[in-house]
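Small disclaimer: the values here were computed from a predicted structure and weren't measured. Labels below follow one simple rule: chain letters A, B, ... track the order of the sequence lines, proteins then strands, and each chain is numbered from 1.
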There are 2 protein chains.
Amino acid sequence: MPPRPHPARDLREACVDQALAIIGDVGVEALSIREVARRLGVSHQAPYKHFASSDHLLAEVVRRTYRQFSEHLEARPRSSHPGEDLKSMGEAYFRFALDHPLHYRLLFGTPLPDPAAHPEMMAEARRAFQLLHEAIGHLKPPAAEEELQLDALFVWATVHGLASILQTAALDQIGLDKVVLAEALPHALHRIGKALAP
Amino acid sequence: MPPRPHPARDLREACVDQALAIIGDVGVEALSIREVARRLGVSHQAPYKHFASSDHLLAEVVRRTYRQFSEHLEARPRSSHPGEDLKSMGEAYFRFALDHPLHYRLLFGTPLPDPAAHPEMMAEARRAFQLLHEAIGHLKPPAAEEELQLDALFVWATVHGLASILQTAALDQIGLDKVVLAEALPHALHRIGKALAP
DNA sequence: ATAAATGGTTGACACTGTCTACCTTTCCCG
DNA sequence: CGGGAAAGGTAGACAGTGTCAACCATTTAT
């Protein structure tokens with residue numbers, strides 16, 4: 001076997017890239033350290049020089065995916081009207097979930113590596129929630145922190161729940177109209193608006 | 001090995017029971033045909049006489065879990081006031097999710113076996129959704145079917161989303177108040193009430 | 001009575017994560 | 001310098017998984 005076709009430091013990066021590619025193509029259940037190594041043309045043990053276990057690789061992949069998610073949310077079209085801005089955020093959230101279903105499911109649909117063991121992963125997760133928190137904070141300035149958090153949870157739950165439900169393969173079998181599916185998000189955002197109205 | 005300690009027909013039942021037990025104890029990722037066989041003291045191939053593949057075992061387990069879920073929802077305290085009744089349903093839904101987190105995650109949190117290949121599984125799933133649909137149907141009698149479905153989706157998404165989020169191990173790390181966590185469902189149900197008010 | 005179907009058995013294969021041991025290359029320090 | 005340690009790659013082994021194939025006993029049907 002050729003001694004070392006890949007410059008040393010880059011193997012870690014390359015592993016993460018391949019892992020992301022595999023997840024995007026086939027889903028997280030197809031991810032395995034050996035498959036990553038195979039695709040990179042290195043031995044099945046090489047990745048272990050950079051990740052203590054397959055969970056550590058996964059944690060790093062999750063961390064990056066959270067970051068991409070946050071960046072996607074931050075790149076949404078902004079509006080000075082707080083209600084409009086929250087709506088725009090909901091749409092951005094939703095679009096990410098639909099455009100990258102397998103990555104989204106990685107964040108919210110499959111058991112993550114133990115959070116306590118992977119603080120960097122959780123730091124990125126917190127950042128994403130922070131964005132939602134802020135957007136809702138602008139909605140009604142003088143609200144108590146507690147109610148603010150409760151409303152943030154409410155909005156998050158609805159949008160996440162919808163994204164999660166619409167991705168269930170089971171859904172086709174439940175017999176909902178196509179129109180209903182297409183309107184589901186706007187309708188939910190409308191309901192949220194009504195629920196949060198003063 | 002003793003020839004056949006288990007009466008023939010019962011092995012299928014016993015497999016499903018063991019699978020449910022494993023999932024309830026350790027979660028669906030620990031479920032394996034071989035582990036089921038081991039616990040039952042039969043050879044690793046015995047279950048294959050009753051299930052074509054591990055997915056078929058899983059599908060049967062999922063089907064039963066859906067049924068238990070529906071039965072749990074139907075056993076909720078009823079109210080003649082439609083708004084109250086919907087609330088009661090939300091609470092029952094939520095309680096199931098919190099009391100049987102691993103079973104709930106089986107239904108809504110992990111990829112299911114291909115729905116097209118397991119119609120009996122989906123029939124049970126549909127029944128559960130039907131219950132929600134009905135409860136909302138009583139809410140405002142003369143609504144268009146389309147809006148009714150949209151509202152059903154909205155309510156489902158919120159309650160499911162909340163249950164799903166509150167179970168994320170990640171949650172501890174996000175730094176929400178205990179009070180907020182305890183109040184999350186009542187608050188969400190209150191918001192839903194406001195959103196659906198005429 | 002004999003043939004078929006049913007429900008069990010063992011053995012094998014390919015795949016997974018992970019442990020251990022080994023071999024190179026690089027780099028730092030006495 | 002020169003030599004040892006550390007980094008980063010290798011191969012081999014082991015236990016675990018799902019699943020295929022072959023085989024065997026019992027029950028059932030023709």
Engineer: Check the distance between C:dT18's P and A:F51's CZ and give it to me in whole angstrom.
Structural biologist: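 Going from A:F51 (CZ) to C:dT18 (P), I get 13 Å.
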Engineer: What's the closest nucleotide to the side chain of B:K49 if the choices are D:dA21, C:dG7, D:dG9?
Structural biologist: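 It is C:dG7.
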Engineer: Of the nucleotides D:dC20, D:dG18, D:dG9, which has the atom closest to the B:Y48 side chain?
Structural biologist: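 Of the options given, the side chain of B:Y48 lies nearest D:dG18.
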Engineer: By the salt bridge (Lys or Arg N to Asp or Glu O under 4.0 Å) test, which pairs, at least two apart or in different chains, include something from residues 91-112 of chain B?
Structural biologist: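 Passing the test, one end in residues 91-112 of chain B: B:E29-B:R105.
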Engineer: Shortest non-hydrogen contact from B:T158 to B:A188?
Structural biologist: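 Here B:T158 and B:A188 meet closest at CG2-CB, 4.2 Å.
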Engineer: In whole Å, I'd like the distance from the CD1 atom of A:I33 to the P atom of C:dT16.
Structural biologist: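 It works out to 11 Å between those atoms.
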Engineer: Can you check the A:D55 CG to C:dT18 C1' distance for me, whole Å?
Structural biologist: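 Going from A:D55 (CG) to C:dT18 (C1'), I get 13 Å.
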Engineer: From CG of A:L57 over to C1' of C:dT16, roughly how many Å is that when rounded to an integer?
Structural biologist: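 Rounded to the whole Å, the gap is 14 Å.
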Engineer: So do B:Y104 and B:Y93 actually touch side chain to side chain, heavy atoms under 4.5 Å?
Structural biologist: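 B:Y93 vs B:Y104: side chains touch.
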Engineer: Choose from C:dT16, C:dT9, C:dT18 the nucleotide whose nearest atom is closest to any side-chain atom of A:S53.
Structural biologist: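 Nearest to the side chain of A:S53 among the choices is C:dT18.
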Engineer: What is the distance, rounded to the nearest whole Å, between atom CG of A:L40 and atom P of D:dT10?
Structural biologist: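 Interatomic distance, CG of A:L40 to P of D:dT10: 11 Å.
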Engineer: Does the C:dG8 base have a donor-acceptor partner in the side chain of B:H44 within less than 3.5 Å?
Structural biologist: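 No pair found.
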Engineer: Looking at D:dT17, I'd like to know if its phosphate oxygens (OP1 or OP2) sit under 4.0 Å from a side-chain N or O belonging to B:S32.
Structural biologist: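 So the side-chain polar atoms of B:S32 do come within 4.0 Å of the phosphate oxygens OP1 or OP2 of D:dT17, strictly under.
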Engineer: Could you check A:A52 against A:E35 and say which one's nearest nucleotide on DNA chain C is further toward the 5' end?
Structural biologist: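 It is A:E35 whose nearest nucleotide is closer to the 5' end.
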Engineer: Quick one: B:L31 CG to D:dG16 C1', roughly how many Å, whole number?
Structural biologist: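 Those two atoms, CG and C1', are 14 Å apart.
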Engineer: Between A:E29 (CD) and C:dT16 (P), how many Å, whole number?
Structural biologist: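 Computing the A:E29:CD to C:dT16:P distance gives 14 Å.
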Engineer: Is the base of D:dG16 touched by the side chain of B:R34 through a donor-acceptor pair closer than 3.5 angstrom?
Structural biologist: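 Under the 3.5 Å cut-off, the side chain and the base do not form any donor-acceptor pair.
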Engineer: Would you please classify the geometry between the B:W156 ring and the B:F129 ring as parallel, tilted or perpendicular, with 30° and 60° separating the classes?
Structural biologist: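 Geometry flag for B:W156 against B:F129: tilted rings.
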Engineer: Would you say a side-chain N or O of A:S54 is under 4.0 Å from OP1 or OP2 of C:dT18?
Structural biologist: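 For A:S54, the contact criterion (side-chain N or O under 4.0 Å from OP1 or OP2 of C:dT18) is met.
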Engineer: Please give me the minimum heavy-atom distance between B:A19 and B:L57, naming the atom from each residue.
Structural biologist: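 Closest pair (atom of B:A19, atom of B:L57, distance): CB-CD1, 4.3 Å.
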Engineer: Between atom CG in B:L58 and atom C1' in D:dT17, what is the gap in whole Å?
Structural biologist: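 Atom-to-atom, B:L58 to D:dT17, this comes out as 15 Å.
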